[in-house]
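Below is one structure, written out as C-alpha cells, with a few remarks after it.
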Amino acid sequence: MFLARALSLTALVIFSCAHLIRSDELNNYDGSHFDFVVLGGGTAGLVVASRLSEDPSITVAVIEAGTFEKNNPNVTNTTINGLGKNTRVDWQYRTAPQIYAANETIIYSAGKGVGGSSLINGMTYMRPASSQMNLWPSLGLEINWDILFNYSKKGENFSPPGPKLTPLGADYVPSDHGYSGPLTTCISPHITSTDIHNTFNTTFKTLGIGPRYEFNGGDLLGFGIQMCTQNERLDIREDAAQAYYYPFMDRKNLVMIVNATATRIEWADDSQGSEVVASAARIVDQQGKTSTLFADREIILSMGAMRSPGILEYSGVGNPSILSQHGIDVKVNLSAVGENLQDQTTMAITGLVVGENTTGFLPFVSHASLQDLFGANTTAVYEAARAKLPEYAATIAAQNGGSSSAIIQEQLLRTQLELLFASNTPTSEIVPAAISNFIGAVFWPLQPFSRGSVHINGTDETAQPYIDPRFFQIDFDGQVSVATAKWARNFLITEPVASLVNQSTISPSFEAIPEDASDDLWLDWVKTKSNFQPNYHHLGTCAMLPRASGGVVDNDFRVYGTRNVRVVDLSVLPLQVAGHSMAMLYGVAEWASEKIKASL
Ligand SMILES: Cc1cc2nc3c(=O)[nH]c(=O)nc-3n(C[C@H](O)[C@H](O)[C@H](O)COP(=O)(O)OP(=O)(O)OC[C@H]3O[C@@H](n4cnc5c(N)ncnc54)[C@H](O)[C@@H]3O)c2cc1C
Ligand SMILES: *[C@@H]1O[C@H](CO)[C@@H](O)[C@H](O)[C@H]1NC(C)=O
Ligand SMILES: *[C@@H]1O[C@H](CO)[C@@H](O)[C@H](O)[C@H]1NC(C)=O
Ligand SMILES: *[C@@H]1O[C@H](CO)[C@@H](O)[C@H](O)[C@H]1NC(C)=O
Ligand SMILES: *[C@@H]1O[C@H](CO)[C@@H](O)[C@H](O)[C@H]1NC(C)=O
Ligand SMILES: *[C@@H]1O[C@H](CO)[C@@H](O)[C@H](O)[C@H]1NC(C)=O
Ligand SMILES: *[C@@H]1O[C@H](CO)[C@@H](O)[C@H](O)[C@H]1NC(C)=O
Ligand SMILES: *[C@@H]1O[C@H](CO)[C@@H](O)[C@H](O)[C@H]1NC(C)=O
Ligand SMILES: *[C@@H]1O[C@H](CO)[C@@H](O)[C@H](O)[C@H]1NC(C)=O
Ligand SMILES: *[C@@H]1O[C@H](CO)[C@@H](O)[C@H](O)[C@H]1NC(C)=O
Ligand SMILES: *[C@@H]1O[C@H](CO)[C@@H](O)[C@H](O)[C@H]1NC(C)=O
Ligand SMILES: *[C@@H]1O[C@H](CO)[C@@H](O)[C@H](O)[C@H]1NC(C)=O
C-alpha cells in the first residue's frame with residue numbers, strides 16, 4: 001500500500017561485520033544487587049543506562065525483552081525505512097476495536113530489541129515547537145523549550161551536509177544543532193538527485209506555505225528539508241544502541257540482559273510512611289524461569305508508553321478498580337496510570353506519476369497552520385471548538401477512572417487549542433512523497449484531542465496490554481483531518497506539482513469525493529481503516545503532571561507514592577507536540593539522567 005511504502009522511502013550499500021557482543025545470562029544474576037535496574041533497553045532506557053554508568057562506582061543492569069539487532073539488515077538499512085516493521089523487532093501490538101472509526105483493530109508497531117523503537121522508526125530527527133514546550137510550565141511542569149533544546153543538543157552529533165547536497169535542497173542552521181553528543185544525525189545522503197524539491201517548493205509557496213531552512217530550532221511552519229538519525233560515514237541507522245550502548249558496552253559496571261521480560265516490581269517490607277520503596281524487579285526468561293534482580297537505589301521504567309503503565313499495575317500501582325479486576329493488591333492508589341494515551345493518525349492522498357518513476361530519498365517536509373488549513377473560516381472553526389471544550393473535557397473525564405477532573409481536562413485542551421490558533425504553532429505535518437511510480441502527500445494532524453488508555457489485559461504479566469487509543473472520539477480530530485486531506489488533494493492538483501501527477505489516478509478520486517463534497521463524505525474516507533494508521537508517537541500514559549491533574553510522575557520523573565521508581569520514556573510526555581518524538585525524547589532522557597545523578 002502506498003501509505004506504508006511512502007513512509008519507508010530511501011538506497012544504500014552496507015556490509016555487516018560479525019561483532020562480539022557480550023550477552024549477560026539472566027541465570028547468572030538471579031539474586032544479584034545493582035544500584036539501578038533499568039527495565040527496557042529502548043530509546044530512553046539506553047540513554048539513562050549509559051549516562052548513569054559513566055560513574056564507575058554505580059552499577060546498572062538493563063533488562064530487555066528483545067535481543068541485539070546490531071547486524072540485522074532490516075534495522076541497519078538506510079535506503080528503505082522501517083523494514084523492521086512486522087518482523088521480530090516489532091511487538092506488533094493490536095488495539096481494541098476503534099469504535100469511533102470503522103470499529104476495526106489496528107496493528108500498533110513498537111520496537112523490540114536493544115535500541116527499542118529507534119530500531120524500526122522512520123529516523124526523522126525533528127524537535128517540537130518552542131511555543132508548545134513553553135506552555136508546559138503553566139501546567140506545573142519544570143521542563144520548557146530552553147531545557148529541552150539544551151539537553152537535546154547535548155545528545156546530538158550533527159554532521160553538516162556537504163556541498164554536493166546543497167543544490168539538492170539541503171540546508172540547516174548551525175546553532176540549532178549539537179556537535180559533541182553520542183547520537184549522530186545528518187541529512188540523508190540518499191536524497192534524490194532530481195530537482196523535485198523545486199517543484200514542491202514552488203507549489204507550497206503558491207498555496208501560502210513559504211520556505212523553512214531548519215526544523216530543529218523550535219519553529220516549524222513552512223517547507224524544507226529534515227534531518228535523520230543516521231551514521232553517514234558507515235551508512236547505517238543510528239539507533240539508540242549504536243549511539244548509547246555499543247560504544248560503552250565494555251564497562252564493567254553495566255550489565256545488559258536480553259531475551260528477558262520484566263514482569264513486576266517487588267516492594268520492601270519496611271516501606272514506611274506514605275511512600276512505598278521498591279527493592280527488586282522480577283524478570284522472566286524465554287523458558288519461563290523467573291529471576292529477581294535487586295535494585296539498591298532505584299528502578300527505572302523505560303518500556304515505552306504501551307508497557308511502562310502495565311508493570312506499575314502488576315506491581316499494585318494504579319486504579320484500584322482495574323487492579324481488583326485482576327486480583328492485584330493496591331500499593332499506590334494512582335488512577336492516572338495508563339490513562340491519557342495520545343497519538344496522531346497518519347493519512348495520505350496519492351496518485352501515479354506522469355513520466356519517469358522517482359528515484360532516491362525525499363527528506364522534504366512541511367507544516368501547515370490552522371490558518372493555512374481553514375483560511376477565512378479559521379476564527380469560526382476555533383470559536384466553535386472553544387465552545388465545545390467543556391463537552392470534550394466531560395467526555396474525557398468520564399472515562400479516565402477519576403484520575404483528573406473535567407476542569408483540568410478543559411484546561412489541557414484549551415492549552416492545545418489556543419496554541420493552534422496562535423499563528424506560529426503547526427496544526428498538521430504534510431510530507432510530499434514520491435516513490436517508484438507513486439506520488440502524493442502523507443499527512444497527520446499534530447494535536448489530537450482524543451484521549452485513549454492502555455491497561456493490563458489479564459493476569460499473565462507477559463501478555464500484550466489492552467490498548468485503546470480511541471482514535472477520532474473527539475470530533476475536532478476528524479475536522480482537522482478532513483481539512484488537511486482537502487488541502488493535500490488540492491496540493492496534487494496545483495501546478496507545478498499537478499504536472500507530475502496523473503490527475504485521473506488521484507485517490508480519493510473526484511468521482512468518489514467531488515470537489516464540493518460535504519465534510520461528512522470526507523470524514524467517512526478518513527475513518528476507513530485502510531486510510532489511516534497510527535503515527536507511532538504514542539505518549540502520555542505515565543504523564544508528568546501534578547498528581548491532581550492526572551500525573552503519574554513528578555518533575556523528577558518519580559512515580560507518585562513511590563520513593564525510588566522513576567519512568568523515563570515517552571510515556572511521561574503529557575501532551576502531543578509537533579516534530580517527531582525521538583528528538584525530544586533523547587533530550588528528555590539526557591535531562592532525566594542528569595537529575596538522577598544529581599540526586600545521588
Ligand atoms: C514504526 C515507527 C516509526 C517511527 N518513526 C519515527 C520517526 O521517524 N521519528 C521519530 O522521532 N520518532 C519516530 N517514531 C517514534 C519513536 O521511535 C518513539 O517515540 C521512541 O523511540 C520511543 O522510545 P521509548 O524509549 O519511549 O520506547 P522504546 O524505544 O520503544 O523502548 C521500549 C523498550 O522496552 C522493551 N520492553 C517492553 N516491554 C518490556 C518488558 N516487559 N520487559 C523488558 N523489556 C521490555 C522494548 O522491547 C523496547 O526495547 C516511530 C515509531 C515507530 C514504532
Ligand atoms: C536495503 O533494502 C532495500 C530494499 O529491500 C534493498 O534493495 C537494498 O539492497 C538493501 N540494502 C542493503 C545494504 O542491504
Ligand atoms: C527482515 O525482513 C524480512 C521481510 O519482512 C523478513 O523476511 C526477515 O526475516 C527479516 N530479517 C530478520 C533478521 O528479522
Ligand atoms: C484481551 O485479552 C483477551 C483474552 O485473551 C483477547 O481476546 C483480547 O483480544 C485482548 N484485547 C486486546 C485489546 O488486546
Ligand atoms: C465493534 O466490534 C466489536 C468486536 O469486533 C463488536 O463486539 C461490537 O459490537 C462492534 N461495535 C459496533 C458499534 O459495531
Ligand atoms: C544545559 O546543559 C548542560 C549540560 O550539557 C548543563 O550543565 C546546563 O546546566 C544546562 N543549562 C540549562 C539552562 O538547562
Ligand atoms: C525553497 O525556495 C527558497 C527560495 O524561495 C529557497 O531559499 C529554499 O532553499 C528552497 N527550499 C528547498 C528545499 O528547495
Ligand atoms: C535471544 O533469543 C533469540 C530467539 O530465541 C536467539 O536467537 C538469540 O540468540 C538470543 N540472544 C541471546 C543474546 O541470547
Ligand atoms: C483512591 O483514591 C480516590 C481519590 O483519589 C478515592 O476516591 C478512592 O476511594 C480511593 N480508592 C481506594 C481503594 O483507596
Ligand atoms: C469555509 O466554510 C464554507 C462554508 O462551510 C465552505 O464552503 C468553505 O469551503 C470553507 N473554506 C475553507 C478554506 O475551509
Ligand atoms: C515504475 O514503478 C512501477 C512500480 O514499482 C514498476 O512496475 C515500473 O516498471 C517502473 N517503471 C520504470 C520505467 O522503471
Ligand atoms: C493516467 O492514468 C490513466 C488510468 O490509469 C491511464 O489510462 C492514462 O494513460 C494515464 N495517463 C498518463 C499521461 O500517464
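Note that the structure is predicted; figures quoted are calculated from it, not measured. Atoms within a ligand are numbered from 1 in the order they appear, just like the ligands themselves. This chain uses plain numbering: 1 for the first residue, then up along the sequence.
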* **Whether Tyr151 and Trp591 hold their rings parallel, tilted or perpendicular, with breakpoints at 30° and 60°** => tilted
* Asked: Among all protein non-hydrogen atoms, which one is nearest to atom 13 (C) of ligand 3, and what is the separation to 0.1 Å?
  -> Asn72 OD1, 3.6 Å
* Asked: Protein heavy atoms: any of them under 4.0 Å from atom 2 (O) of ligand 3?
  -> yes
* To do: Mark up the atoms of ligand 2 that fall under 4.0 Å of a heavy atom belonging to Asn77, in ascending order.
  => 1 (C), 2 (O), 3 (C), 8 (C), 10 (C), 11 (N), 12 (C), 14 (O)
* **Thr425 versus Ser131, side-chain donor and acceptor atoms under 3.5 Å** => yes
* So is there a nitrogen or oxygen of Asn150 less than 3.5 Å from a nitrogen or oxygen in ligand 6? -> yes
* Asked: Between Glu54 and Lys597, is there a side-chain N and carboxylate O pair less than 4.0 Å apart?
  -> yes
* For atom 4 (C) of ligand 6, the protein heavy atom that lies nearest, with its residue and separation -> Glu594 OE1, 3.8 Å
* Structure fact -> In ligand 2, the atoms that come under 4.0 Å of a heavy atom of Ile80 are 2 (O), 3 (C), 4 (C)
* Which residue owns the protein heavy atom closest to atom 9 (O) of ligand 3, what's the atom, and how far is it? -> Asn74 ND2, 4.8 Å
* To do: Please check if a non-hydrogen protein atom sits closer than 4.0 Å to atom 7 (O) of ligand 3.
  => no
* Asked: When only distance counts, is Arg88 in polar contact with ligand 3, meaning an N/O pair under 3.5 Å?
  -> no
* Asked: Are Glu594 and Arg51 within salt-bridge range, i.e. N to O under 4.0 Å?
  -> no
* To do: Examine the side chains of Tyr244 and Glu590 and answer whether a donor and an acceptor come within less than 3.5 Å of each other.
  => yes
* Please state which protein non-hydrogen atom is closest to atom 5 (O) of ligand 3 and give its distance, to 0.1 Å? -> Thr87 CG2, 3.7 Å
* Asked: Strictly under 4.0 Å, does any heavy atom of Leu83 approach an atom of ligand 2?
  -> yes
* Just say parallel, tilted or perpendicular for the rings of His177 and Tyr179, cut-offs at 30° and 60°. => perpendicular
* State, without any angle test, whether Gln342 and Asn340 hold a side-chain donor-acceptor pair at a distance under 3.5 Å. => yes
* To do: State whether a side-chain donor-acceptor pair under 3.5 Å links Asp235 with His190.
  => yes
